[in-house]
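First up is the structure itself, then whatever we jot down about it.
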Amino acid sequence: MTLPENEHYATIVVGSGPAGVLAALHAAERGSVLIVDASSLPRDKSCGGMLHHLSLETLRPYGEVPESIISMPRTVNFRYHDWDRGIRKVTTLEFLNVSRAGFDEWMLGLLPANVEVVAKASLTGFVQDDERVTASIDFDGNPAEITADLLIGCDGARSQVRRTLDIRDSASYVTLQDFVTISSPIEPYFDCIYMRGIGDEFGYAYVVPKGDVALIGSVFYPHTKRPWEKQDRVVSLLRERIPQLGEKVHRESAAALYLRSPDDMLPGHGRVLLAGEAGGFMSPSSGEGISYALRTGRDAGLAAAGDPAAALDRYLELTGPIRADIRRRFRWLPFMESRAGKYLAGFVPAPIISRVTQGL
Ligand SMILES: Cc1cc2nc3c(=O)[nH]c(=O)nc-3n(C[C@H](O)[C@H](O)[C@H](O)COP(=O)(O)OP(=O)(O)OC[C@H]3O[C@@H](n4cnc5c(N)ncnc54)[C@H](O)[C@@H]3O)c2cc1C
């Protein structure tokens with residue numbers, strides 16, 4: 001069991017995903033930083049591992065994404081399918097195809113020496129006043145109170161930091177991912193598939209080649225009953241049309257943020273900032289979240305590097321463009337999720353789908 005070295009830190013960061021790492025890296029310019037993560041590290045987060053160009057641009061100042069974490073094919077273009085109508089639209093939206101576990105481990109390696117990382121340490125709550133935040137943290141069964149000038153919650157879709165600040169619980173999509181063997185290479189696309197037969201609780205499925213396996217994921221709306229049975233049905237339907245898809249080698253499930261309105265964004269309160277999914281920062285229309293986690297994590301860290309009393313105001317200023325971008329995406333959401341929207345998408349020419357998806 002590891003306990004932190006100090007009782008007081010300049011900043012405590014909760015969560016060591018992409019938001020947490022960049023928040024800690026910049027916050028460390030002002031002083032000592034403690035990152036606590038409830039998982040064992042390096043972690044293995046359920047994810048498609050697709051890096052959007054905004055993720056790559058945000059990462060550039062910190063170093064090149066290492067070749068060793070890139071999966072084959074290196075890049076995949078987004079392709080939209082309306083399965084029942086046999087409609088397929090290839091877009092120019094391209095993603096770098098990486099191992100998410102490798103990516104998270106590489107990011108942890110970017111942290112400077114004055115950032116202390118403690119795994120299997122869960123934040124259970126906190127109180128704050130005008131001077132400091134006192135965090136209650138369970139260090140692998142040993143509860144302790146640690147203080148800091150600031151606390152940054154980067155603890156993902158089911159954020160405890162957010163729930164402590166705002167008692168309204170946010171809803172989550174249920175996601176399932178199966179890794180299956182392939183008898184020969186499948187086409188080099190990030191296929192996003194809409195099918196009517198799975199039921200109204202089904203959002204969409206996706207297929208991505210990942211080296212010598214393929215990833216088949218499905219997104220289900222909150223409170224879906226028996227999602228694993230629906231995922232079995234998705235996989236068997238896909239196998240009928242993509243005969244290379246073989247046996248399941250691994251299945252995982254996760255929660256992903258279900259954003260309903262711009263009010264679901266919560267940048268923080270007092271001396272507590274929220275970044276990444278914890279703050280409601282991800283694309284409500286496409287589910288792409290890494291670029292938002294990186295950018296809001298970086299901005300929270302930059303804000304924390306200055307006067308702690310002014311950190312929230314600075315963070316609001318820095319994240320103004322990102323919040324405006326998310327608000328704009330909400331305008332598309334009701335139409336995109338409606339049956340009519342999905343039907344009409346089949347008639348839109350591929351170059352227009354390409355342009356629209358670049359903005360989603
Ligand atoms: C199935 C799936 C596929 C996805 N595919 C993609 C994709 O291909 N591309 C993309 O851009 N986005 C994708 N996303 C979204 C993306 O994974 C997230 O948006 C991104 O990881 C958010 O980063 P984050 O740093 O905010 O939080 P996370 O990466 O979720 O990290 C949060 C961390 O906080 C820790 N934590 C939680 N609670 C506590 C606590 N109480 N105390 C301490 N630590 C805690 C967790 O252990 C975790 O390590 C996908 C999501 C899902 C579910």
Side-chain angles (χ1 to χ4, degrees), residues 11-27 33-39 41 43-52 54-59 62 98 100 103-108 110-111 115 117 122-123 150-166 169-173 175 254-259 262 264-269 272-304 311-312 314-316 318-323 325-327 329:
T11 308
I12 296 173
V13 175
V14 186
S16 66
V21 168
L22 287 196
L25 187 149
H26 287 287
V33 177
L34 172 68
I35 300 189
V36 290
D37 198 297
S39 314
L41 297 175
R43 62 182 202 154
D44 194 3
K45 182 185 186 310
S46 181
C47 182
M50 245 97 53
L51 296 183
H52 186 271
L54 273 173
S55 296
L56 299 172
E57 277 163 33
T58 310
L59 286 167
Y62 309 98
V98 302
R100 178 65 197 258
F103 175 73
D104 286 338
E105 193 172 1
W106 169 68
M107 285 216 62
L108 274 178
L110 301 174
L111 289 169
V115 176
V117 184
S122 302
L123 176 115
L150 283 170
L151 184 138
I152 309 179
C154 303
D155 46 343
R158 309 277 304 134
S159 169
Q160 181 61 41
V161 178
R162 183 185 179 115
R163 278 182 280 160
T164 307
L165 274 183
D166 172 11
D169 200 5
S170 49
S172 312
Y173 287 107
T175 62
L257 203 60
Y258 180 66
L259 295 166
D264 291 335
M265 286 186 277
L266 183 65
H269 179 70
V272 176
L273 312 183
L274 289 165
E277 281 196 32
F281 301 116
M282 77 183 303
S283 167
S285 42
S286 72
E288 194 273 319
I290 298 174
S291 73
Y292 291 88
L294 290 168
R295 287 177 292 158
T296 56
R298 173 200 62 199
D299 292 349
L302 288 170
L312 181 56
R314 177 83 183 116
Y315 184 48
L316 286 170
L318 289 169
T319 53
I322 300 173
R323 287 182 292 116
D325 163 73
I326 292 176
R327 251 180 250 116
R329 285 161 200 256

Considering all heavy atoms of both residues, which atom of [X] and which atom of [Y] are nearest to each other, and what is their separation?
{"X": "Cys47", "Y": "Arg100", "value": "SG-NH1, 3.2 Å"}
{"X": "Ala157", "Y": "Glu277", "value": "CB-OE1, 3.2 Å"}
{"X": "Ala24", "Y": "Val115", "value": "O-CG2, 3.9 Å"}
{"X": "Ala303", "Y": "Leu273", "value": "CB-CD1, 4.4 Å"}
{"X": "Phe103", "Y": "Val98", "value": "CB-CG2, 4.2 Å"}
{"X": "Gly20", "Y": "Ile35", "value": "O-CD1, 4.1 Å"}

When you measure from the side chain of [X] to the backbone N and O of [Y], does any donor-acceptor pair fall under 3.5 Å?
{"X": "Ser55", "Y": "Ser291", "answer": "yes"}
{"X": "Thr58", "Y": "Leu294", "answer": "no"}
{"X": "Thr296", "Y": "Gly276", "answer": "yes"}
{"X": "Ser283", "Y": "Ser286", "answer": "yes"}
{"X": "Asp155", "Y": "Ala278", "answer": "no"}

Exercise. Going through the distances and angles, do Leu302 and Arg314 end up as a side-chain contact (heavy atoms from CB on, under 4.5 Å)?
Worked result: CA-CA 9 Å; Leu302 288 170; Arg314 177 83 183 116; 5.9 Å; no
Problem set entry | Residues Ile152, Ile12; criterion side-chain contact (heavy atoms from CB on, under 4.5 Å); working and verdict | CA-CA 6 Å; Ile152 309 179; Ile12 296 173; over 6 Å; no
[X] side, atom [atom1]; [Y] side, atom [atom2] - distance, nearest 0.5 Å:
{"X": "Arg43", "Y": "Glu105", "atom1": "CZ", "atom2": "CD", "result": "11.5 Å"}
{"X": "Asp104", "Y": "Asp44", "atom1": "CG", "atom2": "CG", "result": "8.5 Å"}
{"X": "Arg329", "Y": "Ser285", "atom1": "CZ", "atom2": "OG", "result": "5.5 Å"}
{"X": "Leu59", "Y": "Leu51", "atom1": "CG", "atom2": "CG", "result": "7.0 Å"}
{"X": "Arg162", "Y": "Leu266", "atom1": "CZ", "atom2": "CG", "result": "5.0 Å"}
{"X": "Glu57", "Y": "Arg295", "atom1": "CD", "atom2": "CZ", "result": "9.0 Å"}

Hey, are the side chains of [X] and [Y] touching, using non-hydrogen atoms and a 4.5 Å cut-off?
{"X": "His26", "Y": "Arg298", "result": "yes"}
{"X": "Ser159", "Y": "Leu274", "result": "yes"}
{"X": "His52", "Y": "Ile290", "result": "no"}
{"X": "Val117", "Y": "Leu41", "result": "yes"}
{"X": "Val13", "Y": "Leu34", "result": "no"}
{"X": "Phe281", "Y": "Leu257", "result": "no"}
{"X": "Leu259", "Y": "Tyr173", "result": "no"}
{"X": "Met107", "Y": "Pro18", "result": "yes"}

Problem set entry | Audit row: Leu108, Ser16, side-chain contact (heavy atoms from CB on, under 4.5 Å) steps and yes/no | CA-CA 8 Å; Leu108 274 178; Ser16 66; 4.1 Å; yes
Problem set entry | Steps toward side-chain contact (heavy atoms from CB on, under 4.5 Å) verdict (Arg158, Ser172) | CA-CA 8 Å; Arg158 309 277 304 134; Ser172 312; 3.5 Å; yes
For this session: Go through the side-chain N and O atoms of Asp325 and Tyr292 and say whether any donor and acceptor fall under 3.5 Å apart.
Result: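 Present: a donor and an acceptor within the cut-off.
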Exercise. Can you name the one residue among Pro321, Pro262, Pro284 that meets side-chain contact (heavy atoms from CB on, under 4.5 Å) with Ile326?
Worked result: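 It is Pro284, the one option of Pro321, Pro262, Pro284 that forms the side-chain contact (heavy atoms from CB on, under 4.5 Å) with Ile326.
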